[in-house]
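Numbers here simply count residues along the sequence, with the first being 1.
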Amino acid sequence: MNSPSQSTGCVYIVGAGPGDPDLLTLKGWRCLEQAELIVADALVHPALLIWPPGEKQVIVLPCHAEASQRAAVCRQIGEAARAGKTVVRLKGGDPGVFARLHEELEAFRRAGVPCEIVPGVTAAAAAAALTGISLTDAARASAVALVTGHERREKKVPLDYAQLASFPGTLVFYMGIARAGEWSRALLAHGRSAETPVAVVSRATTAGQAVLRSTLGRLVEDLERRPISPPAVVIVGEVAGLIADESRHPLPLAGVRVLVTRPEGQSAAMAQRLSALGAEVWHQPAIEIGQPDDWRPVDDALQRIEQFDWLVFSSPNGVRYFLERLLARGGDLRRLGPTRLAAIGPGTAAELRRYHLAADLLPEEFCAESLASALIAAIPDKSDSRKGDLGPRAAETVETQSAGRPSAAPRVLLVRASRGRDVLAEQLRAAGVEVEQVVAYRSTDVATPEPRNRAALEAGKIDWITVSSSAVARSLIKMFGPLLRRARLVSISPITSKVLIESGFPPAAEAAEYTPTGMVEAIVAAEKRL
């Protein structure tokens, strides 16, 4: 990838692929990671606008944007690039296939900013692959033609249907549903056989993918009997009749739309798992995670870290923000010394492992109550002389008791969010443990949902909504209100379920293991029962 100069940015025109965000190219992903401004087509999957880390401005163009609106956006892109920003113009499919590439490319060149085109998977290739069709075949199709089904009336050289009818291969019509009657009759009138196989593929690679098998002569009648929603491509030729759609192995969540509500930058693993099971994943962060308003309490605790017997993390975010602060201030992991580490669940323990640290304690159930009980059980009575079972500070206390110095309670540093339940601290204090809490990250509600997500929920197009914490539950209730009843909710734990139930939104499923993976498994199990 080209590196933009300091004075002038760069515009990357990136093909987003046909729908499934996993089909974005690696180079396209790298462009999104660097982008400071993303201008996307309306049909681009929303995950591609949320997954890339970092602060960035996102503009989504409406379907069928007017020429004046497209021109205004091109000017905005040019101005941003001239100001030194890296801009991604994210286009559905491949930028060079029916995507107005030339007019936008010319606008950027006139603006005097460097451009680079990053190709993408075009809808024809994706639709064929997902329906088991080979666009070429040694015996039946030695060529492929990509044809617009929505030709401009003012075009100087119109399509020659006589040549298309005799084309020695496969025809793939883009945007061809609305005018299927026109182009199919034109092909028939110029000699193409009425028995020519046809496959109509709608919303290829997404959970809403639909396939209609027909012939050129019956296509209009079949579309009237079974309407197919755009966007769709129509594959015309002998290859369209070779493999039946039923030959594809069904996935357990095929056709299921799931709205993932974890914070931005933290939903990728869950989304990839859902996608691998066939689901179409939408994204709507319910809470935002950021730095605390004041780092001083964390910095003070870090200076005294050797005074604590246990360092307790109640979330992966706490691990990340606390340890990154340690490293940012010039420290390293040796500062933790013999301090023991406790994690509330496997996700938090996994985050510790990313920093080459192992949790000394993990409760049987992944909740604050269970973590408190496990910690209390792991801290023996101060009169116990088995120093190996104590934390470093408490063990040192045992040695000083014979000298007549007073014994001290075990000390725990609890790393937490700016809000949340106080159960863990309260139960530890009730057991005689000295607890100090520091806020390592800030958690705030997202006030307004993405318009497309709200519209999809209103239309009943979302099947499941993930609820991964009590804070997420409360935020979603404020964000969507009664609309939440238009989809089924899956809760991560009984505590989260209780918040939902008390608010009048009982979940349809609850994770057996209180993790994102557990929520995915709960959705799969619930879908099997339907």
Are Val236 and Phe167 close enough that some pair of their side-chain heavy atoms sits under 4.5 Å apart?
no

Taking C-beta and beyond as the side chain, do Val446 and Gln284 meet within less than 4.5 Å on heavy atoms?
yes

Closest non-hydrogen atoms of Ser275 and Val281, given as atom of the first, atom of the second and distance, are OG-CG2, 3.6 Å

Can you find a heavy atom in the side chain of Met175 that is under 4.5 Å from one in the side chain of Pro231?
no

Could you please spell out the steps behind the side-chain hydrogen bond (donor to acceptor under 3.5 Å, both in side chains) verdict for Ser193 and Glu195?
CA-CA 5 Å; Ser193 170; Glu195 297 304 313; over 6 Å; no

I'd like to know if the side chain of Thr261 reaches the main chain of Thr466, judged simply by a donor and an acceptor atom lying under 3.5 Å from each other, with no hydrogens or angles considered.
yes

Can you name the closest pair of heavy atoms from Val14 and Gly28 and give their distance?
CG1-CA, 3.7 Å

Leu223 to Ala180 - nearest heavy-atom pair and separation:
CD1-CB, 3.8 Å

Report yes if the side chains of Ser470 and Ile495 come closer than 4.5 Å at any heavy-atom pair, otherwise no.
yes

If you look at every heavy atom in Asp463 and Gly255, which pair is closest and at what distance?
OD2-O, 3.8 Å

Does Arg70 use its side chain to pair, donor to acceptor, with the backbone of Ala65 at less than 3.5 Å?
yes

Could you tell me whether Glu79 and Arg75 make a salt bridge, using a distance below 4.0 angstrom between a side-chain N and a carboxylate O?
no

Determine whether Phe173 and Leu187 make a side-chain contact, defined as any pair of heavy atoms from C-beta on separated by less than 4.5 Å.
yes

Taking the cut-offs as 6.0 angstrom to the six-membered ring centre and 45 degrees off its axis, would you call Arg485 and Phe505 a cation-pi pair?
yes

How about CZ on Arg273, more than 12 heavy atoms from neighbouring residues, nucleotides or ligands closer than 6.0 Å, or not?
no

As a quick check of understanding, evaluate side-chain hydrogen bond (donor to acceptor under 3.5 Å, both in side chains) for Ser497 and Glu510, giving each step before the final call.
CA-CA 7 Å; Ser497 296; Glu510 181 182 284; 2.6 Å; yes

Any heavy-atom pair between the side chains of Arg488 and Glu527 that's under 4.5 Å?
yes

Starting at CZ of Arg320, measure out to CD of Gln266 and round the result to the nearest 0.5 Å.
5.0 Å

Test item: Thr148 and Tyr174 side chains (from C-beta on) under 4.5 Å apart, heavy atoms
no

After noting the C-alpha distance and the side-chain angles of Met519 and Val260, does the key distance pass the side chain to side chain contact (heavy atoms under 4.5 Å, CB included) rule?
CA-CA 11 Å; Met519 285 196 289; Val260 174; over 6 Å; no

Less than 4.5 Å apart, any side-chain heavy atom of Pro62 and any of Gln69?
yes

Considering non-hydrogen atoms only, spot the tightest contact between Leu188 and Ala194 and give its length.
CD2-CA, 3.5 Å

Run the salt-bridge test on Arg218 and Glu221 with the 4.0 Å N-O cut-off and return the result as yes or no.
no

Answer yes or no: is there a donor N or O on one side and an acceptor on the other, between the side chain of Trp183 and the main chain of Gly176, under 3.5 Å?
yes

Salt bridge check, Glu33 against Arg30: does any charged N sit closer than 4.0 Å to a carboxylate O?
no

Residue pair Glu450, Trp282: steps toward the side-chain hydrogen bond (donor to acceptor under 3.5 Å, both in side chains) verdict:
CA-CA 11 Å; Glu450 290 288 334; Trp282 291 49; over 6 Å; no

